[in-house]
Amino acid sequence: MSDTFFSSDTLFALHEWVGVATAVVLGCFLGLAVLQFVLSRSTRFGQRFLNRGSLRTGLIVSFVVIAVVPTMALGLFLAERSAHQRYDRMSDRLERNAEGIVREVNHVLDMYVAGVTTAASTASEAGNFDAESLTRVLMLNHATYESFLTMLATDENGAVIAATSNMGGFLTSIARNGTTSVSDRSYFRVPMQTGEPFISEIFRGRALGSDAIVGISAPLRNQHDQPIGVIEGSVNLGIFRRLQQDRPYLEDTNVVMVDQDGQVIFSSSDDGPAEMESVLASPVAAAARMASDGSSFDYTIEADGDQHRLLGVSRRTENDWRVFVSIDVDRIAAQMRSDYGVSAALVAFAIILSLLAAGSIVVRVSRAVNEMSHAIDHFNADGDGENILTPASTPREFRPLFAHFRRRAANLRRAHKRLRRSIEAGEELRRELTRAVATKEAEVADRTADLEEANKQLHDLSKSDALTGIPNRREFDAFQLRMWRSALRNRKPIATILMDIDFFKIYNDALGHQQGDNCLTRVAQALHDCASRPLDLVARYGGEEFAAILGDANIHEALIVAERMRKAVLDLRIPHPGSGHEYVSISVGVVSTVPKTPIGSDVLLRSTDEALYYAKAAGRNCVVYPKDGEYVTYDACEFDGSETNVIAMLSGKIH
C-alpha cells in the first residue's frame, strides 16, 4: 500500500469528510438566503439596505452566489456518491460472482450425488451384491457420468468388491474382490451411519490413484432397507477450477474455494494458497468469521513487503464448502481518485460558465426592461389609472413602468368586459358539448351490453368440447383444481379416472374419420351418463382419451364407477375390426387420494395416467388401480385383489 498523501487509506479517510463539507457549504448558502429574506420583509431599514444599489448590481451578486455555491456542493455530493456507488457496485459484483460460483458448484455436486444415488438404488433393487453384478452397475453409471475419475463398491466392512476407472482416458473395470479396504474413509463411514448420500472433504487417493479428489457416496441397502456397503465416485478438483474459469471474468479478483475442513479446493491466483492447504487461520477466513452473515468485509494481507487492503465476500455451498472472492481496494481507490478529479474539473468548468451566463443574463434583463419601458410609453390607449401607486421599495429601473400601467388601466377594464362575454359564450358551448357527450355515453352503454352478452356466449362455448358436447380439457383442469382445494379443506378423498379407447387409430383408419367422430360422440355420452353427481365431471381429455373427476369418492367407489363406464362402452356394441374384443372397448386407470397439500393435483393425474398405462399393458378392456405398491386389475367379484392379475409397479410412484 502506497505511503503517499493520496494513498488508499488517506483517500478513504478524507472521503468520510466529503459529506460534512457538502453540508457546510449548503448550510452557508441557506443562511445567506434566509438573511436576505428576513431583511427584505422584516424592516424598512432592511428593504432600503437591499435596494440601495441598482438592479444590475443585485442581479450580478445573486446569480454568482446562486450558481457557484450549489454547483460546488453538487460537485462534492456527486463525487462522494459516485465513490460510494463504486464501492457498493464492486461489493455487489463480488457477491454475484460468489453466488454464481456457489450455484454452479451446487449444481455439479447435485448431479454427481444423483449419479451415485442412482447407481446405489439400481444395485439395491437388483439385490445382487457380488463383484460381477456390482461391476456391471458401476460400468453402466460410470459411462453416463464420465467426469468421475473412479467408482467403487464396498461391502459392509469397507472392503472394495468392485471398481472402475476412467483415469487412462477410457473406462475400465478393476478387479478388487475385497483386497482393498476404505473403512477409514469418511465417504464410507458416514453413509453407513446415516443411510444418506454424502460428499466428503477433499483427500488424496490411495489404491486407485493419488490425485486430490472429493468422494461422493451413497449406501447400498438390502431387502430390509439396511446399509450393507457403499457406492462411491471420485471427482477430480480440476472440475471446480474449470467452473470458475468458464464464468464471466471479473478482472483482478481472487477466488478461493475450501471444503468443510478449510482445505483449499482451488485458488484462482498463482500466488494464492496451494491445493489442500488449510486456510482456517488466514486473514480472509478470519475476516469472514467477523463479518455479519452474507455481507462484504475488509481485510489486509502482506505481499511483497507491503500491506494490501482487500474487499471480500464469502458464500457457503449446500454441503458447507465456502467460496471466498476478493479484490484489492487499491483498484477502487484509483477509480475514486479519477472520480474526484473529473468532478473537480467539471465544477471549475461549471463555475466559469455560470459567471459568464450571469453577466449575460444581467445585460439581457437590463436591456429588456429598458425596451419594455420604451414600448409601453408608445401604447395608443387611454384610461384612468390614478389608483396604481409606485411602492417605496421598487427599484429605480422599474419605477417608469407604473406610470405606463396607470394609463393602460382603462384598456384592461374594457378587455375584461370582452372576456366576460367570451366566457358566457363558452359556457353555452360547454352545455351543448355535455349534452352531446351524454348521448354518446348512452350509445356506448348499449354497445357494451351487447359485447358482454357476446362474451358470455363465447365463455360458455369455451367450456365444452365441440365434437362430443361434454366438458373439454380446460373445464376439466379448472374443475379438478376446485375439487382438489375442496377436498383439502374438508379432508375428503378425490378420485380421478383416465380412459382411452382401445386401438382407436386402427378403428379410424379402417372405417374413416366420420365413423371415428360418431364413435367418440357415443362413447362420450355413455361415459357422461355413468357419473352424473354434482361432485362428478366427465370430460374429453384429448383425442380418444377421456377423464373423470369424482369428488368425495374413495378407491372402492371410484372402481365401481370406472367398471360401470367400461361396461357401458362395451355394451354400446360398436363393431371394431381391429380389436381383440370384437367391439369398441376402453382401458381405464383409477387413483383416489386424500389431498394433504395445496398443490399436488398434477401428481394425482400422473399416477392415474400410469395406472392407465398398466391397463393397456394388461391387455386393455380392464380397470387398473394401485394397491400395496402394485398396479392391479379390478375384479368386481373379488375386490381385495388377492386373486387378480398383478402388474409390477416401481415403489414410490403413488403418494
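Everything quoted here is computed from the prediction, not taken from an experiment.
The number of heavy-atom neighbours closer than 6.0 Å to CZ of R533, taken from other residues, nucleotides and ligands shown, is above 12. Heavy atoms from other residues, nucleotides or ligands lying under 6.0 Å from CZ of F479 number more than 12. A 6.0 Å sphere centred on CD of Q223 holds no more than 12 heavy atoms belonging to other residues, nucleotides or ligands.
A donor-acceptor pair under 3.5 Å links the side-chain atoms of N141 to the main chain of V137, judged by distance alone. Looking only at distances, no side-chain donor or acceptor of S183 sits under 3.5 Å from a matching main-chain atom of G158. A donor-acceptor contact shorter than 3.5 Å links the side chain of T117 to the backbone of V113. Between the side chain of N236 and the backbone N or O of G238, at least one donor-acceptor pair lies under 3.5 Å. For S532 (side chain) and H528 (main-chain N/O), no donor-acceptor pair under 3.5 Å exists by modelled atom type. Here the side chain of S585 pairs no donor or acceptor atom with the backbone of N621 at under 3.5 angstrom. A side-chain donor-acceptor contact under 3.5 Å links T154 to the backbone of V230. Between the W484 side chain and the T597 main chain, a donor and an acceptor come within less than 3.5 Å of each other. Not a single donor-acceptor pair under 3.5 Å links the side chain of N128 to the backbone N or O of D130.
Taking CD of E582 as the start and CG of L570 as the end, the distance is 9.5 Å to the nearest 0.5 Å. Distance CG/N106 to CE/M111: 12.5 Å, rounded to 0.5 Å. Atom SG in C530 sits 9.0 Å away from atom CE in M499 (nearest 0.5 Å).
The two atoms that bring L537 and P471 nearest to each other are CD1-CG, 4.0 Å, heavy atoms only. Counting all heavy atoms, side chain and backbone alike, A611 lies closest to V590 at CB-N, 4.0 Å. Across I213 and L237, no two heavy atoms sit closer than the pair C-CD2, 4.1 Å. Across all their heavy atoms, I506 and G578 have their closest contact at CG2-CA, 3.7 Å. Between H142 and N166, the closest heavy-atom pair is NE2-CB, 3.6 Å. Taking both residues in full, the closest heavy atoms of G195 and P227 are given as CA-CG, 4.4 Å, listed atom of the first, atom of the second, then distance.
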- request: Give the intermediate values and the outcome of side-chain hydrogen bond (donor to acceptor under 3.5 Å, both in side chains) for residues D465 and T468.
  value: CA-CA 6 Å; D465 180 62; T468 63; 2.8 Å; yes
Candidate pair E475 and R482, rule salt bridge (charged side-chain N to carboxylate O under 4.0 Å, His left out), full reasoning: CA-CA 11 Å; E475 179 64 13; R482 292 197 300 272; 3.7 Å; yes
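Defined by atom type and a distance below 3.5 Å, a donor-acceptor pair is missing between the side-chain atoms of S186 and S200. In this model, no donor atom of one side chain and acceptor atom of the other lie less than 3.5 Å apart for S587 and D500. A side-chain N or O of E232 and one of S234 form a donor-acceptor pair less than 3.5 Å apart.
Side-chain contact between Y634 and V624: absent, with no pair of heavy atoms (C-beta onward) separated by less than 4.5 Å. Taking the side chain as every heavy atom from C-beta outward, I265 and V258 never approach each other to under 4.5 Å. Residues L612 and V588 are not in side-chain contact: their nearest non-hydrogen atoms beyond the backbone lie 4.5 Å or more apart. Taking the side chain as every heavy atom from C-beta outward, L527 and V569 approach each other to under 4.5 Å.
Ring centroids of F203 and Y187 are separated by less than 6.0 Å, placing the two rings close together. Proximity of the aromatic rings of H576 and Y507 is defined here by a centroid distance below 6.0 angstrom, and this criterion is met. Aromatic ring centres of Y112 and F148: separated by under 6.0 Å.
A salt bridge is absent between K567 and D571: the closest approach of a Lys/Arg side-chain nitrogen to an acidic carboxylate oxygen does not fall below 4.0 angstrom.
No option in R316, R93, R315 other than R315 meets the salt bridge (charged side-chain N to carboxylate O under 4.0 Å, His left out) test with E99. Between T496 and the choices D609, T593, T608, the side-chain hydrogen bond (donor to acceptor under 3.5 Å, both in side chains) rule is met once, by T608.
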Let me have the donor-acceptor pairs involving side chains of residues 541-554, under 3.5 Å, with sequence neighbours excluded, atom names and distances please.
unit_1 : atom_1 : unit_2 : atom_2 : d
Y541   : OH     : R473   : NH2    : 3.1
N554   : OD1    : H556   : N      : 3.1
N554   : OD1    : E557   : N      : 2.9

